[in-house]
There are 2 protein chains.
Amino acid sequence: MFQIDALSRVPVYEQLVDQMEKLVLSGLLKAGDPMPSVRSLSLDLLINPNTIQKAYSELDRRGILMSVPGKGCFVAETATEVIRKKIRDKSSDLIELVKDMKLAGAELEELLALVRSAYEGNKEVCER
Amino acid sequence: MFQIDALSRVPVYEQLVDQMEKLVLSGLLKAGDPMPSVRSLSLDLLINPNTIQKAYSELDRRGILMSVPGKGCFVAETATEVIRKKIRDKSSDLIELVKDMKLAGAELEELLALVRSAYEGNKEVCER
DNA sequence: CCAACTGTACTAAGCATCATAGTACAGATG
DNA sequence: CATCTGTACTATGATGCTTAGTACAGTTGG
């Protein structure tokens, strides 16, 4: 369910949060769905329970997850809404990136084509 | 010449490297140009000399800067070439971003317009 | 009821990175 | 020769990430 890259400079708990958001946006997780318990996910990923807890509490704080003591954690009703708002605010990141690549010599048409193929999911252009 | 954001999560020496790259790409710094000495820039920015040195040695390692013991540091001949290569490799970042924003509900036309205005330098659309 | 699960809280330790402080040495220069 | 230059080194403090271990309260199925 989750893929952790131990070599990444991104903290493990942050990787969990990011992947959780994508699972919700892609529809694999819906409001009300139960999440693995802190301890079971800990055993599954070979990660300390405290680290899982840190990710879960962060997701709870953002309104993406509902923690119910004694019962478990569930995808919150507001999850999709919250995540969409956050990600759409990334337009400033996109602007930054485009400006950098323009400075580096990228042509406008080149960038537009890149966006189109990424949006359409063109496998031949996507890297990695 | 350099603007350091002490509150940023990005390390100071990394901010220096990033800004140095942009100064070269924008043409404000050209091959052979002298850089401020480690100590003078340290006094100017109120940053420890070791931190400046860390940025300079990283820029030297990348082929963006030439360090000459006893004389000073100068913009390397390969600077522009090296930086352009690096930044143009950011196309995978752009692809990631577009995919995320698509999942979040952004329309293709919306993204294309964003790229165009960022490329043209439209002040009314650029944020911050 | 109770054993086994759930989330949660807490302390302690190890580790890495960043930044600072201070000292030192060799090369270049006017 | 004084003063600049880059460079190297040790030591220290602060912060963040992760692990380890313990503990407590709520929930649930047998």
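Every chain is numbered from 1, with letters handed out A, B, ... down the list of sequences.
- Across every non-hydrogen atom of A/L114 and B/S91, the tightest pair is CD2-CB, 3.4 Å.
- Heavy-atom contacts from other residues, nucleotides or ligands closer than 6.0 Å to CE of B/M66 number 12 or fewer.
- The phosphate of C/dA19 has neither OP1 nor OP2 within less than 4.0 Å of any side-chain N or O from B/Y13.
- If you take CD of A/Q53 and P of D/dT22, they are 19 Å apart, rounded to a whole angstrom.
- Atom-to-atom, CG of B/L41 to C1' of D/dT5 comes out at 14 Å; the value is rounded to the nearest Å.
- Distances shorter than 4.0 Å separate none of the side-chain N or O atoms of A/S37 from OP1 or OP2 on C/dC5.
- One interatomic measurement links the two molecules: CZ of B/R39 to P of C/dC25, which rounds to 14 Å at whole-angstrom precision.
- If you measure from atom NZ of B/K54 to atom P of D/dC9, you get 15 Å, rounded to the nearest angstrom.
- Residue B/I52 contributes atom CD1, which lies 17 Å from atom P of D/dA8 at whole-angstrom precision.
- Between A/R62 and A/E58 a salt bridge is recorded (basic side-chain N to carboxylate O distance below 4.0 Å).
- A sub-4.0 Å separation between OP1 or OP2 of D/dC4 and a side-chain N or O of B/K71 is absent.
- If you take CD1 of A/I47 and P of D/dA20, they are 12 Å apart, rounded to a whole angstrom.
- Whole-Å rounding puts the B/Y56 OH to D/dA8 P distance at 16 Å.
- When the C1' atom of C/dC15 is taken as reference, atom CZ of A/R9 falls 18 Å away, rounded to whole Å.
- Dashed line: the shortest gap from a side-chain N or O of A/S67 to OP1 or OP2 of C/dG7 is not under 4.0 Å.
- A close approach under 4.0 Å does not occur between any side-chain nitrogen or oxygen of A/S57 and OP1 or OP2 of C/dG7.
- Here the side chain of B/T78 pairs no donor or acceptor atom with the backbone of B/E81 at under 3.5 angstrom.
- At most 12 heavy atoms of other shown residues, nucleotides or ligands fall within 6.0 angstrom of atom CD in A/E107.
- Nearest to the side-chain atoms of A/N50 among the listed nucleotides C/dA21, D/dG21, C/dT8 stands D/dG21.
- Contact annotation: B/N48 side-chain N/O to C/dA19 OP1/OP2 distance is not under 4.0 Å.
- For the pair B/D60 and A/Q15, both in contact range of DNA chain D, the more 5′-proximal nearest nucleotide belongs to B/D60.
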